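Here is the structure we will look at.
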Amino acid sequence: MKLPIDRGLVVVSDEADGTQTIHICADIRNGEPVDVFASHNRADRVRVQEGVTLTRRGQRSFSTQILEVFDEEGVVNIQRVSTRG
């Protein structure tokens with residue numbers, strides 16, 4: 001079964017309890033997600049794939065390009081847009 005994959009700009013927020021919240025959105029302004037259409041709340045495990053660059057600002061990291069985000073066996077993966085079908 002193919003995993004559901006969200007594509008968009010990504011903001012990763014560090015939570016006080018050590019988890020991370022990932023927002024997938026249409027825009028990012030001053031490091032804040034705008035027009036959020038998907039999220040992964042309080043994820044224990046997040047894997048940023050090789051080749052993904054995130055800009056850090058305080059408790060948040062964000063992308064400047066569209067990325068893919070999906071949950072696989074309890075790990076939220078953030079990767080570059082795949083060209084595979």
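Being a predicted model, the structure only gives us computed values, none of them experimental.
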Is it the case that the side chain of Arg80 and the backbone of Ser82 share a donor-acceptor pair, with hydrogens and angles ignored and the cut-off at 3.5 Å?
no

Any side-chain heavy-atom pair of Cys25 and Asp35 under 4.5 Å
no

For the hydrophobic clusters of this structure (ILVMFWY residues joined by side-chain heavy atoms under 4.5 Å, transitively), does one cluster hold both Leu54 and Ile28?
no

With Thr53 via side chain to side chain donor-acceptor pair (under 3.5 Å) - residues at least two apart
none

Measuring from atom CD of Gln49 to atom CD1 of Ile78, what distance do you get when rounded to the nearest 0.5 angstrom?
9.0 Å

Value for CD1 (Ile5) from CD1 (Ile24), rounded to nearest 0.5 Å, stands at 11.5 Å

What is the distance from atom NE2 of His23 to atom NE2 of His40, rounded to the nearest 0.5 Å?
10.5 Å

Using a 6.0 Å cut-off, check whether atom CD of Glu73 has over 12 heavy atoms from anything other than its own residue.
no

Is there a donor-acceptor contact under 3.5 Å from the side chain of Asp17 to the main chain of Thr19?
yes

Within one Ile-Leu-Val-Met-Phe-Trp-Tyr cluster: Val46 and Val69, side-chain cutoff 4.5 Å:
yes

Measuring from atom CG of Asp71 to atom CZ of Arg45, what distance do you get when rounded to the nearest 0.5 angstrom?
9.0 Å

Minimal heavy-atom distance between Asn77 and Val75, with the atoms involved, is ND2-O, 3.1 Å

Nearest heavy-atom approach of Gly31 to Arg60 is O-CD, 3.3 Å

With a 4.5 Å limit on heavy-atom distance, are the side chains of Leu67 and Gln79 in contact?
no

If two hydrophobic side chains count as joined below 4.5 Å and joins carry through other members, does Val76 share a cluster with Phe70?
no

Residues Gln20 and Asp14: closest non-hydrogen pair is NE2-OD1, 2.9 Å

Between the CZ atom in Arg42 and the OG1 atom in Thr21, the distance rounded to the nearest 0.5 Å is 5.5 Å

Please tell me if the side chains of Val11 and Arg57 come closer than 4.5 Å, counting only heavy atoms from C-beta onward.
no

Can you tell me if Asp6 uses its side chain to pair, donor with acceptor, with the backbone of Pro4 under 3.5 Å?
no

Taking everything shown except Arg56 itself, do over 12 heavy atoms lie less than 6.0 Å from its CZ?
yes

Treating Ile, Leu, Val, Met, Phe, Trp and Tyr as nodes and any side-chain heavy-atom pair under 4.5 angstrom as an edge, say whether Leu9 and Phe37 lie in one connected cluster.
no

